[in-house]
K.L.:
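Encoded as structure tokens, here's the structure I'll be asking about.
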Number of protein chains: 2
Amino acid sequence: MKREQELLVNFLKQKGLKQTGQREKILEVFLANMKHVSADELHAIIRKSDPRIGFSTVYRTLRLLTEAGLAREVNFGDGRARFEKAFDKGQHGHLICTSCGKTEEFVVGAIDKAIKQVSSGVGFKPMGHRLEVYGLCKKCQ
Amino acid sequence: MKREQELLVNFLKQKGLKQTGQREKILEVFLANMKHVSADELHAIIRKSDPRIGFSTVYRTLRLLTEAGLAREVNFGDGRARFEKAFDKGQHGHLICTSCGKTEEFVVGAIDKAIKQVSSGVGFKPMGHRLEVYGLCKKCQ
DNA sequence: ACGTTACTGACATTGAATATCAAATTCAAG
DNA sequence: CTTGAATTTGATATTCAATGTCAGTAACGT
Ligand SMILES: [Mn+2]
Ligand SMILES: [Mn+2]
Ligand SMILES: [Zn+2]
Ligand SMILES: [Zn+2]
């Protein structure tokens, strides 16, 4: 069993929640698609192999995965929440092309360091952050 | 006349748009309130001194001010757009308390530098960015 | 002053997020 | 295995901010 699946099972047990076929399936498809995906998109993908799974369940399960630390919500400024894998994957920034929508990830240690420094300077306790850079990708400029 | 007012007048002329009492008033109140304000909130404030101004006009004028470079849209993760002054005020990050909602601004040169570096590394042309740090303020932790 | 054009504000519409609830499913206890 | 309490599901309804519509109003060049 994959480590992500184990984590979910433990999370459910610990919370007194139930293990269901839908939750298994949704996690499986979510992990197999390594892009940033909205609840709608994920639902559309899952429907192909199991048309009986409802949008509500996909939506709720994405929240659940987020709570469990398996998913992370991201926002690219188009007014629609997207989710990405969070297990074994630290916070990172996104370069977002405002012309074609393409996104690219990046990690820079200097940024995390700067955030820590600024936070401690004012007594703020940082729990997470979001860094989006908007502009034009190579193709679009 | 304030420099912001002049900028708006020029912007309107250049675009073939009209100077109206509403636009003047909205800019004036927007500038007087130096917080991060939503269209709704700004409308509520303006209504006190002029109940005839409609929400639509406030909303559209905020977009206009954004286009003119007088306002900037910010988002604090509560699913509602807010606006802040952008004239003579560069991009900056925000520390956002997830408990009480308090926000604090900060500027760190290292971050802008890191963004430039990462961008040029992949041929991306950055136009603007958004950095939000979520956590607990001094009081709330 | 006039006519053209943009503006205004009340109202309607959209769309994503979230709430509701009856029927179905899980699962621990017996 | 059966039972029953508790959770889950999925269709549907609701919410709420953002945006669209449009007839009446106001700005401004001539
Ligand atoms: Mn990502
Ligand atoms: Mn700010
Ligand atoms: Zn592009
Ligand atoms: Zn606080």
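The figures here come from the full heavy-atom set of this structure, side chains too, leaving out hydrogens, waters and symmetry mates. Everything numeric in this text was worked out from a predicted model, so none of it was measured.
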K.L.:
Checking all strands, does A:S56 fall into the base, sugar-phosphate, or nothing category for heavy-atom contacts under 4.0 angstrom?
P.N.:
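Base contact.
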K.L.:
Does A:Q14 use its side chain to pair, donor to acceptor, with the backbone of A:F11 at less than 3.5 Å?
P.N.:
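Not a single qualifying donor-acceptor pair exists.
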K.L.:
Taking the nucleotide of DNA chain D with the closest heavy atom to each, which residue, B:E73 or B:G21, is nearer the 5' end?
P.N.:
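The residue mapped nearer the 5' terminus is B:E73.
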K.L.:
What closest approach, in Å, do A:I26 and A:V58 show between heavy atoms, and which atom pair accounts for it?
P.N.:
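Reported closest heavy-atom pair: CD1-CA, 3.8 Å.
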K.L.:
Between B:T20 and D:dA26, is there a side-chain N or O to OP1/OP2 distance below 4.0 Å?
P.N.:
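Answer is no, no contact under 4.0 Å.
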K.L.:
Starting at the 5' end of DNA chain D, which residue's closest nucleotide do you reach first, B:Q22 or B:R63?
P.N.:
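The 5'-side residue here is B:R63.
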K.L.:
Which nucleotide sits closest to the side chain of B:D40: C:dA17, C:dG9, D:dA17?
P.N.:
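So the side chain of B:D40 is nearest to D:dA17.
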K.L.:
How would you label the contact of A:A39 with the nucleic acid (heavy atoms, under 4.0 Å): base, sugar-phosphate, or nothing?
P.N.:
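Contact class for A:A39: none.
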K.L.:
With heavy atoms under 4.0 Å as the rule, sort B:R60 into base, sugar-phosphate or nothing.
P.N.:
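Since a base atom lies under 4.0 Å of B:R60, the category is base.
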K.L.:
If I compare all heavy atoms of A:V74 with all of A:H94, which pair ends up nearest, and what's the gap?
P.N.:
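Answer, listing the atom of A:V74 first, then A:H94: CG1-CE1, 3.9 Å.
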K.L.:
Mapping A:R80 and B:T57 onto DNA chain C by nearest heavy atom, which one lands closer to the 5' end?
P.N.:
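Looking at DNA chain C, the more 5' nearest nucleotide goes with B:T57.
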K.L.:
In this structure, how many angstroms lie between the P atom of C:dA19 and the OH atom of A:Y59, rounded?
P.N.:
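After rounding, the reported distance stands at 7 Å.
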K.L.:
B:K13 NZ to C:dC7 P: how many Å, rounded?
P.N.:
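Roughly 14 Å, once rounded to whole Å.
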